[in-house]
Protein chains: 2
Amino acid sequence: MTPRKAVVEELDKEKIMQAARELFVTKGYRSVSMRGIAGRLGYSHGALYYHFKDKADLFSAMVMADFDRLNDRLDEAMAEHTDHPAATLERIFMAYIRFGLDHKPHYEIMFMLEQSELNDAARRAQMVSYDRFAAAVLRLLRDSGKPGGVPIAVPWSLFLSLHGFVAYYLHTEQTYDQLLGLAEQYVGLMVRGLG
Amino acid sequence: MTPRKAVVEELDKEKIMQAARELFVTKGYRSVSMRGIAGRLGYSHGALYYHFKDKADLFSAMVMADFDRLNDRLDEAMAEHTDHPAATLERIFMAYIRFGLDHKPHYEIMFMLEQSELNDAARRAQMVSYDRFAAAVLRLLRDSGKPGGVPIAVPWSLFLSLHGFVAYYLHTEQTYDQLLGLAEQYVGLMVRGLG
DNA sequence: GCATTAATTGACCGTCGGTAAATAAGGTGG
DNA sequence: CCACCTTATTTACCGACGGTCAATTAATGC
C-alpha cells in the first residue's frame with residue numbers, strides 16, 4: 001500500500017542491527033529470522049535486503065562492531081600496566097572472559113557462527129583482533145623476562161583456552177559474577193602453565 | 001505408488017544414521033536435512049519420522065553412540081598406567097584431542113549442537129562422559145601426590161581447555177597429525193599449570 | 001512541475017522440519 | 001487360501017525460512 005515510508009521513519013543499518021540484537025537476547029541467534037527482525041521494526045522482510053545483501057552480510061556487520069568493542073576492553077586492561085607483567089596478563093585474560101560472559105549474544109555471533117555465515121571482512125576482523133591479543137601477550141611475556149624465546153604457539157594456546165571457557169558457559173544462564181571464582185582459578189591455571 | 005518396500009530393503013535406524021554421517025562429512029551438519037538423508041537412501045523424507053521422532057532424536061542417537069566411542073578411547077589411554085601419573089594425564093589429554101580431530105563430524109554433533117537440538121538422553125550421556133573424565137583426572141592428580149586437596153574445579157578447567165583446542169580446529173582442514181606438535185605444546189602448558 | 005532516484009511492499013520461488021491420511025506389504029489365525 | 005491386523009512407506013499438506021524482483025510511491029534534483 002505504501003511502498004515508501006516518510007523519511008523520518010526510514011530504515012537504516014543501525015536500526016536493523018539494534019532490532020536483531022534485541023531478538024538475540026531472547027532467542028538464540030539461530031532462531032532469529034530476517035522476517036522476525038523486519039516484523040519487530042514494522043517493516044516487511046524485503047526491506048532488509050535493500051540495506052544488507054543477505055543474512056551473512058547483516059551478521060558480519062554486527063560482528064565487526066563487536067570486535068571493535070572487544071579490542072577496546074583489552075586495550076583498557078593493558079593500559080593499567082603499573083604492576084608486574086604477570087598481573088597485567090591475568091587482567092587481560094579476565095577481561096576477555098568478562099566480555100564474553102557479559103555480552104553472550106555478541107560473543108555468540110562473533111565466534112560461534114559457521115564460516116559460511118560470515119563474509120570476508122568479518123573473518124578479517126576476527127584475525128586482526130587476535131593479532132592484537134597475541135602481540136600484547138608476547139610483549140608481556142618477554143617483559144616478564146622469560147629465558148630464551150617465547151614459542152609463537154603460546155599466545156594461540158592461551159586464546160584457545162580462554163575461548164574454551166567462554167564458549168562452554170555461553171549457553172548457560174550463569175553470569176560473569178557467578179563464575180568469577182571459577183574464572184580466576186582457570187586463569188590462574190593458565191598463567192601458572194607459563195611459569 | 002508402493003507405500004511399503006520389500007522387507008529385504010527396509011529402513012532401520014542404523015542405515016539412517018550411516019547416511020547422515022556420510023552427509024556430515026561433505027557438508028556441515030547444519031546443512032544436512034532430513035530430506036537429504038532420505039534422498040540419499042532412496043526413500044521419501046516422511047519415512048524417517050517413523051524411525052526417529054524428529055531431527056533432534058536422530059542427532060541424539062548419533063551423539064550417544066559417539067560418546068561410547070570416546071569413553072573407550074579414554075579408557076584405553078588410562079589403561080597404560082605403567083609410568084608416572086603425569087604421563088598418563090598427558091596421554092589422556094592427547095587421546096581426547098585426537099578423538100576430536102580424527103572424527104570431526106562426530107565431535108561436531110557431540111559438542112557443538114545447541115541444547116535444543118538434543119534430547120534429554122543425549123544430554124545425560126554428555127554429563128556421564130564428563131564425569132568419567134573428571135574422576136580419572138582427579139584420581140591421577142591425587143596419585144601423583146598433590147599436597148592438600150585438588151580443587152574440584154581443576155578437572156573442569158582441563159576439560160574446557162581441551163574442548164577449546166578441538167572446537168577451534170574443528171572447522172579447519174588441518175588433521176591431527178598436522179597439529180600434533182601444537183597439541184603437545186598445548187597439553188604441556190596445561191600439565192605445567194598443574195604443577 | 002517533471003523526471004529521476006531511493007526505499008519499501010508483497011507476490012513468488014524453492015527448501016526446510018514436521019504431521020497425518022492413505023496405502024501396500026508382511027505376518028497371523030482359522 | 002483368505003480375512004484381518006500390524007508395520008512401513010508415500011504423498012499431500014502446513015507454516016516458516018532465506019532470497020529475488022517488479023511494482024509502487026516518497027523524496028530529490030533540475
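Within every chain, numbering begins at 1; the chains are lettered A, B, ... in the order of the sequence lines, protein sequences first and strands thereafter. It should be emphasised that the depicted structure is a prediction, and the values quoted were computed from it without experimental measurement.
Listed by first and then second residue, the ring-ring contact (aromatic ring centres under 6.0 Å, His included) pairs that reach into residues 174-195 of chain A are A:Phe165-A:Tyr186, sequence neighbours excluded. Identified under the side chain to side chain donor-acceptor pair (under 3.5 Å) test for residues 47-58 of chain B, with sequence neighbours left out: B:Asp57-B:Asn119.
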Donor-acceptor list for residues 126-134 of chain B side chains, cut-off 3.5 Å, not counting sequence neighbours:
{"from": "B:Gln126", "atom 1": "NE2", "to": "B:Met110", "atom 2": "O", "distance (Å)": "2.8"}
{"from": "B:Ser129", "atom 1": "OG", "to": "B:Asn71", "atom 2": "OD1", "distance (Å)": "2.7"}
{"from": "B:Tyr130", "atom 1": "OH", "to": "B:Trp156", "atom 2": "N", "distance (Å)": "3.1"}
{"from": "B:Arg132", "atom 1": "NH2", "to": "B:Asp75", "atom 2": "OD1", "distance (Å)": "2.9"}
{"from": "B:Arg132", "atom 1": "NH2", "to": "B:Asp75", "atom 2": "OD2", "distance (Å)": "2.4"}

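Between B:Leu41 atom CG and D:dT10 atom P there is a gap of 11 Å when expressed in whole angstrom units. In this structure, B:Glu117 atom CD and C:dG17 atom C1' are separated by 12 Å, rounded to whole Å. Rounded to whole Å, atom P of C:dA25 lies 12 Å from atom CD of B:Glu10. As rounded to whole Å, 8 Å separates atom P of C:dT8 from atom NZ of A:Lys15. The CG atom of A:Leu23 sits 11 Å away from the P atom of D:dC17 (whole-angstrom rounding). To the nearest angstrom, C1' of C:dC16 lies 12 Å from CZ of B:Phe59. Rounded to a whole Å, the OH atom of B:Tyr50 is 19 Å from the P atom of C:dT23.
Residues meeting the side-chain contact (heavy atoms from CB on, under 4.5 Å) test with A:Ala153, sequence neighbours left out: B:Leu182, B:Gln185. B:Glu14 is linked by a side-chain contact (heavy atoms from CB on, under 4.5 Å) to B:Asp12, B:Met17, counting only residues two or more places apart in sequence or in another chain.
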Between the protein and nucleotides 18-21 of chain D, list every N/O to N/O distance that falls short of 3.5 Å.
{"from": "D:dG18", "atom 1": "OP1", "to": "A:Met34", "atom 2": "N", "distance (Å)": "3.3"}
{"from": "D:dG18", "atom 1": "OP1", "to": "A:Lys55", "atom 2": "NZ", "distance (Å)": "2.7"}
{"from": "D:dG18", "atom 1": "OP2", "to": "A:Met34", "atom 2": "N", "distance (Å)": "2.9"}
{"from": "D:dG18", "atom 1": "N7", "to": "A:Arg35", "atom 2": "NH1", "distance (Å)": "2.3"}
{"from": "D:dG18", "atom 1": "O6", "to": "A:Arg35", "atom 2": "NH2", "distance (Å)": "3.1"}
{"from": "D:dG19", "atom 1": "OP2", "to": "A:Tyr49", "atom 2": "OH", "distance (Å)": "3.2"}
{"from": "D:dG19", "atom 1": "OP2", "to": "A:Lys55", "atom 2": "N", "distance (Å)": "2.8"}
{"from": "D:dG19", "atom 1": "O6", "to": "A:Arg35", "atom 2": "NH2", "distance (Å)": "3.2"}
{"from": "D:dG19", "atom 1": "O6", "to": "A:His45", "atom 2": "NE2", "distance (Å)": "2.8"}

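Inspection of the A:Tyr107 and A:His163 side chains reveals an N or O donor paired with an N or O acceptor under 3.5 Å.
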